[in-house]
2 protein chains.
Amino acid sequence: MRRIAESTIRRLSLYLRFLEEFEEEGTATVSSEELAGRGATTAAQVRKDLSLFGSFGKRGMGYRVHELATKLRDILGLGRTYDVAVIGAGKVGSALAQYGGFAARGFHVRWVYDADPAKLGLAWDGLRVRDVSRMEDDLHDHGPDIAILATPGDVAQSLADRLVSLGVRAILNFAPVQLAVPADVAVKNVNMAIELETLSYALRHG
Amino acid sequence: MRRIAESTIRRLSLYLRFLEEFEEEGTATVSSEELAGRGATTAAQVRKDLSLFGSFGKRGMGYRVHELATKLRDILGLGRTYDVAVIGAGKVGSALAQYGGFAARGFHVRWVYDADPAKLGLAWDGLRVRDVSRMEDDLHDHGPDIAILATPGDVAQSLADRLVSLGVRAILNFAPVQLAVPADVAVKNVNMAIELETLSYALRHG
DNA sequence: GGATGTGAATGTCTTCACAGCT
DNA sequence: AGCTGTGAAGACATTCACATCC
């Protein structure tokens, strides 16, 4: 299949959320128009996005809500669960580790690591903070599918290297550094400073 | 000035971070090549991005690090400070309110609000959690420049409406809903579920 | 000589508009 | 008649390549 733009994937993820809302409301079918109206896009965009993966609708009818949601979950790789490790038990790490919303979508935080002795053994919802120096021992057999890096910038690259060695192929990076990883490893950067600065730019101009 | 793409603004924000690193290292000038190398882009992209705002370099020399950093801060609207209110003192809200990195870049969290009586009065770094029902009274005179919405989805829209009424024109939205706001209000959505789902898509395909 | 600044070319994404199916 | 699916057009973003200036 042709390479799909990330913006498309992000919209699919949104559409899925809207479909789940429609499902709760008991709506059986939606048009591209209705789906677009709930989000911030156009009917043509919705149809084009979906058409990249197949023909899921019926002309004159629209899309069956439950069926399309199932298709989208499949496309997005949500037909399975993912084991997640959170590296760094600071404010961001602990907020993420405790956030229940992930598990609801199949992302299960199984491990939390930190280097600070004061943090080791702390337990959130039964999840103990483990010593990051033991990471290789712990994860040698069965490691996470996805790692969330929530550490200071100066140690992020070396931790990323270790995670990649352990077979991790997807990293959600909160550290404010550009990670260097092999081409087959996916990295998503989340950087609050950038988000705030797009807002300050908008306030100044716009 | 012509409308600038958001992707450009995000890169400028990155360049600024890299320039600050170069500054700490004592580097006086950088080429577009060096700046691109630190991030994940090309020299031509760096030059094009900067050229949208002016001519900041010297041919044969490159860019003076400190001077360019100053220009970028000006472009991004970082030549001033911003008063920030965090709405929602749950895990995300408290992590954000306590995060020191914002203040370093001029974003000062001055208020934290919540509706849960159990949370009121909690103090983080001298910042007391206030009753959201008092928000209008508190902020009537002098409100925040930027609001960070970190509440459950079902109350986010009504809070956004109240914030807009108070004059807020920039919202960083962590609630998993698409906010409807007037055209002159900037909204940036941050949604961890979407980030994780782009990773699960990458794991499945790519 | 060396690196910028920038039109032109290329590539990518979005919107349009309508044929085609239900 | 209604709404999808999709080529074609248009808008936008990135890359190229080189004249220009320090």
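Numbers restart at 1 for each chain; the letters A, B, ... are given by sequence-line order, proteins then strands.
Whole-Å rounding puts the Leu52(B) CG to dC12(D) C1' distance at 12 Å. Protein atom CD of Gln45(B) is 15 Å distant from nucleotide atom C1' of dT4(C), rounded to whole Å. Regarding Arg47(B), its CZ atom lies at a distance of 14 Å from the P atom of dC18(D), rounded to whole Å. Atoms CD (Glu67(B)) and C1' (dT4(C)) sit 14 Å apart, rounded to a whole Å. Between Leu35(B) atom CG and dA3(C) atom P the separation is 14 Å, expressed in whole Å. Taking atom CD1 of residue Ile4(A) and atom C1' of nucleotide dC13(C), one finds them 12 Å apart after rounding to whole Å. The interatomic distance linking Glu6(A) (CD) with dT14(D) (P) rounds to 13 Å, in whole Å. A straight line from CZ of Phe53(A) to C1' of dG5(D) spans 15 Å, rounded to a whole angstrom.
Under a 3.5 Å cut-off, the side chain of Thr8(B) and the backbone N or O of Ile4(B) do not form any donor-acceptor pair. Although no hydrogens or angles enter the test, the distance criterion places no donor-acceptor pair under 3.5 Å between the side chain of Gln45(B) and the main chain of Thr41(B).
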What side-chain donor-acceptor pairs closer than 3.5 Å can you find for residues 23-30 of chain B, not counting sequence neighbours?
unit_1: Glu23(B); atom_1: OE2; unit_2: His66(B); atom_2: ND1; d: 2.5
unit_1: Glu25(B); atom_1: OE2; unit_2: Arg38(B); atom_2: NH1; d: 3.1

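Using a cut-off of 4.0 Å between Lys/Arg side-chain N and Asp/Glu carboxylate O, Arg130(A) and Asp114(A) are scored as not salt-bridged. The pair Glu33(B)-Arg47(B) does not count as a salt bridge, with every side-chain nitrogen at least 4.0 angstrom from each carboxylate oxygen.
Counting non-hydrogen atoms of neighbouring residues, nucleotides and ligands closer than 6.0 angstrom, the CD atom of Glu21(B) exceeds 12 such neighbours.
Within residues 8-34 of chain B, the residues that place at least one heavy atom under 4.0 Å from DNA chain C are, in residue-number order, Ser31(B), Ser32(B). Annotation: proximity of residues 55-62 of chain B to DNA chain D (heavy atom, distance under 4.0 Å) is found for Lys58(B), Arg59(B), numbered in ascending order.
Residue contacts for Thr42(A): at a heavy-atom cut-off of 4.0 Å it reaches the sugar-phosphate backbone alone, with no base atom in range.
Ring geometry, Tyr201(B) versus His205(B): the interplanar angle falls under 30°, so the pair is classed parallel (tilted spans 30 to 60°). Ring planes of Tyr82(A) and Phe107(A): parallel class, angle under 30° (limits at 30 and 60°).
The side chain of Tyr63(A) contributes no N or O atom lying less than 4.0 Å from OP1 or OP2 of dG2(D).
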Problem set entry | Steps toward side chain to side chain contact (heavy atoms under 4.5 Å, CB included) verdict (Lys188(B), Asn173(B)) | CA-CA 6 Å; Lys188(B) 273 297 309 162; Asn173(B) 176 39; over 6 Å; no
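Checked against dA8(D), dA17(D), dG7(C), the side chain of Lys48(B) finds its nearest nucleotide in dG7(C).
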